[in-house]
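Presented below is the structure to which this report refers.
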Amino acid sequence: MDLSPAAHTPLHPQQRCGQDLPSQRGYPLGFYVSSWRLGLGGISSRGACRPGFYKASSLDPYCMKCPPHSYSHQEGSSQCTCEKSYFRAETDPRAMPCTRPPTAPENPISTTNETSITLEWSPPRDSGGRNDITYDVHCKKCAGDPRECSLCGSVLHFIPRQFGLTYTKVLVTNLLPHTNYTFDLEALNGVSELSPSPNQYISINVTTSQAVNVILKERKSKDSITLAWQGPDHANGLIVEYEVIYYEKNQKDQNYTVLKTKSNSMTVDGLKPGTTYVFRVRARTSGGHGTYGGEIELETSQEDMLAIGDPNQPTIMAVSVAGGIVLLIFLVTCFVVSGRHCGYIKAKQDPDEEKLQFHHGQVRLPGSRTYVHPHTYEDPNQAVRDFAKEIDASCIRIERVIGAGEFGEVCSGRLKLPGKREIYVAIKSLKAGYSEKQRRDFLSEASIMGQFDNPNIIHLEGVVTKCKPVMIITEYMENGSLDSFLRKRDGQFTVIQLVGMLRGIASGMKYLSDMNYIHRDLAARNILVNSNFVCKVSDFGLSRVLEDDPEAAYTTRGGKIPIRWTAPEAIAYRKFTSASDVWSYGIVMWEVMSYGERPYWEMSNQDVIKAIDEGYRLPAPMDCPAVLHQLMLDCWQKARGDRPKFGQIVNILDKLIRNPSCLKTLANDAAWSGNSLQDPCTPDSSTITTVDEWLDGIKMGQYKENFASAGYATLDTVVYINSSDLCRIGVTLVGHQKRILWSIQNLHTMASQMHGTHIQV
Ligand code: ACK
């Protein structure tokens, strides 16, 4: 069998079935084609053009048929009038069809970086018949209540510009910290201003984070440093406390300390003389934690002395004394209220491994950890109290059931806390008749989730434990879990949008690994997607890997593990680390790039384990950029030390987003390597003899009749099919087209590699 490369050209991401790609800017392809020229056929007995025809100039020899979406009712018309809702721009030739404004841009996605945001979107579904689309971005700023929104004014910077954008991406900088913004993305074309209807737009809501940036003053002695700082300019609520993190320069990985205070100053003592320390401060308001401000490096003095050149010494002394007292009261209160569990304690998942360190009345963190395993608490209810806010059940309105979890139903609803605006939430409830252990395990998810504060980690609103049913309330993610979301939208995103989603997940995982939290069940089904297509890592229950995940299977050692997503060392001897999470992340990348395909398809778990052990890895999904497949392969390095860290993955993806040209080379362009698993979409070519068998083999049997009636009777004819042929045959879904074209390509490759090195699925 021979297959010319042109025979299976992939679809352009924006191309829809039966729709040609645009040609000349502004005008639809072929509008000038002479099919509208009808010669004498359009001339009446009196020599004038008949209705439905026109002649632009009396010198023209022919009458022209009115172009699409226009008409002429009278004889002798010199031009045709546009139908209702269609228009002709001043510069449009009369022979050009009338066009209309575009629909709204689609699939908006935002990436927030403190006070700057990148917005990206897909072109409108309907361009209105034109090819001169531009985009305008309008911005509103809302202080909590949507009724209090105002225009953003000219303080924001839009790069490359705010109006008349020709690309589907813009960077917005200079945003206020911790503020809600709404960006309306509007698509326009050459006739938008002629239409009386408002332009169609789509909104993206984003919230910037809040940083404490400025450390105003400092005072140093040989073993202490006093800091004072200014709170964020625009906090999103009352400041509850500040958190100061510090460590010896270059020693962050060994040891750092987190302290809390309600004051705007703090004296940190017990420091080494003549040593440089790095400090960062963040605020916590009723709305949650802000981001840490920039790093400040300060060196303790060799001798006891006050900072030179500080004109505010008396003030700072007073502030520091006040701060010290507040801090002391705060710490004492914590000890009284929480027993041994004050502030942050070590973040290890094995409760026995390390002991807490107390030092100078502070809680010291061995290593760079802040995650606290609920098992480190003698009383797990205390962990819930420490990390999750108790919500009064009367503030919650349950609206509908959206799914089922191990412990009970998952519902959507609304939460209205006093003094706050109503928000949509997801509500997980614990079904009646639970045991104490089930209650503890159920609530452990809240104790874990409540410690995280990151835009790519699902946010805990609080818990209801004082009445039944016991509930966990989280932010609502409109698009549900990532795997089903992608399956529903097969082929609908640009590669950059997919990379944006992957970047979000990697960033959430970096945050978790920085906190020394190991997820163990990272998979697309455990990622949730909101209305802006922001992906957030979820599913933090203690027992979930064992019980809740339908993918988890028992291993020979008795553990229950989601085999297809899990690194070999974790399957073999339960070595779960951030590096094993990286392996799972590689599988998530594959799931995303294949729009929710099942990893290793229908292979059995045993075959997957064997294939991986023999060195086989998943091949690149259809249309997957080569760099992304390479990154997946890196995540699947056998030696876990050779896998990239999440921080490196975020950096790589950031670079790709900044330089999309790196994504142009597709992995499928290269010949199959011996390191690939055979595509299950391509059945064993030696056993296929008919088109029907082939279609059944790739689960596209529903198109048998379409192929037959289009005259594709033998496999030889099938191999020349391209995407336009598929449209004509009646295969209109992009996902199905991709599957068929990919299979054709692989049929061809298989034929030339028959009896080759691939393992049989
Ligand atoms: O794919 P889904 O719609 O997304 O179905 C599952 C179901 O509940 C059972 O887990 C959905 N789900 C879970 N948490 C949330 C959430 N925070 N927001 C929206 N849907 C959620 C999940």
Side-chain angles (χ1 to χ4, degrees), residues 109 205 207 288 387-389 391 395-417 422-431 438 441-464 469-490 492-493 501 504-505 508 512 519-552 562 565 588 591-592 594-599:
I109 193 162
N205 297 322
T207 306
F387 298 121
K389 186 166 71 186
I391 291 177
C395 301
I396 300 162
R397 203 163 80 214
I398 297 179
E399 287 178 334
R400 65 187 178 92
V401 179
I402 53 174
E406 184 208 345
F407 295 98
E409 282 174 343
V410 184
C411 298
S412 63
R414 294 165 199 236
L415 171 69
K416 171 79 186 83
L417 290 173
E422 187 174 72
I423 55 167
Y424 284 98
V425 285
I427 304 146
K428 280 190 184 179
S429 49
L430 178 60
K431 57 183 172 245
Q438 281 173 320
D441 285 352
F442 174 71
L443 286 173
S444 69
E445 177 163 23
S447 326
I448 296 170
M449 220 190 304
Q451 297 178 53
F452 304 141
D453 178 26
N454 181 276
N456 295 106
I457 305 290
I458 193 82
H459 174 72
L460 177 75
E461 293 295 339
V463 290
V464 177
V470 173
M471 293 185 262
I472 297 177
I473 319 294
T474 63
E475 68 181 302
Y476 183 62
M477 301 292 284
E478 293 81 353
N479 280 306
S481 40
L482 179 61
D483 60 337
S484 50
F485 167 73
L486 289 171
R487 277 177 213 131
K488 276 184 256 165
R489 294 180 179 242
D490 193 352
Q492 292 182 11
F493 294 109
M501 294 179 204
I505 302 166
L512 293 181
H519 192 287
R520 296 169 183 233
D521 197 8
L522 180 59
R525 64 184 169 279
N526 290 329
I527 304 291
L528 291 166
V529 187
N530 75 9
S531 57
N532 293 332
F533 304 150
V534 175
C535 291
K536 307 199 181 197
V537 181
S538 78
D539 206 15
F540 298 103
L542 279 185
S543 63
R544 71 193 196 284
V545 178
L546 292 176
E547 305 302 336
D548 197 16
D549 191 336
E551 288 292 349
W565 283 263
V588 173
E591 290 183 278
V592 169
S594 60
Y595 283 91
E597 185 67 87
R598 179 170 166 74

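Order of appearance sets the numbers: ligands from 1, and atoms from 1 within every ligand.
- The ligand atoms of ligand 1 that sit less than 4.0 angstrom from a heavy atom of Ala426 are 15 (C), 16 (C), 17 (N), 18 (N).
- With hydrogens and angles ignored, the 3.5 Å screen pairs no side-chain donor or acceptor of Asn479 with any backbone N or O of Phe533.
- A distance of 14.5 Å separates CE in Met471 from NZ in Lys428, rounded to the nearest 0.5 Å.
- Between Ser481 and ligand 1, a contact under 3.5 Å exists for at least one N or O pair.
- Between Met477 and Ile458, the closest heavy-atom pair is CG-CD1, 3.3 Å.
- Looking only at protein heavy atoms, the nearest one to atom 19 (C) of ligand 1 is Met477 O, 3.1 Å.
- Annotation: atom 8 (O) of ligand 1 to nearest protein heavy atom, Val410 CG1, 3.7 Å.
- When all heavy atoms of Ala388 and Leu460 are compared, the closest pair comes out as CB-CD2, 3.6 Å.
- Distances below 4.0 Å separate heavy atoms of Ser484 from the following atoms of ligand 1: 1 (O).
- The aromatic rings of Tyr424 and Tyr476 are tilted relative to each other, their planes meeting at an angle between 30° and 60°.
- Residue contacts with ligand 1 do not include Gly405, since none of its heavy atoms lies under 4.0 Å from the ligand.
- Nearest protein heavy-atom neighbour of atom 17 (N) of ligand 1: Glu475 O, 2.9 Å.
- Proximity annotation for atom 22 (C) of ligand 1: of Asp483, Leu528, Ile402, Asp539, Leu528 comes nearest, heavy atoms only.
- Panel note: side chain Ser538, backbone Asn526; a donor-acceptor pair is recorded below 3.5 Å.
- Closest approach of Glu461 to Glu475, counting heavy atoms only: CG-N, 4.1 Å.
- Considering every non-hydrogen atom in both Leu486 and Glu591, the closest pair reads CD1-O, 4.1 Å.
- Between Tyr476 and ligand 1, a contact under 3.5 Å exists for no N or O pair.
- Looking at ligand 1, you won't find any N or O of Glu478 less than 3.5 Å from one of its N or O atoms.
- For Lys428, the heavy-atom gap to ligand 1 stays at 4.0 angstrom or more.
- At the top of the distance list for atom 3 (O) of ligand 1, counting protein heavy atoms only, stands Gly480 CA, 3.8 Å.
- Residues Ile505 and Cys535 share a closest heavy-atom pair of CG1-CB, 3.7 Å.
- Below 4.0 Å from some heavy atom of Thr474 lie the following atoms of ligand 1, by number and element: 17 (N).
- On a distance-only criterion, Ala404 and ligand 1 share no N/O pair closer than 3.5 Å.
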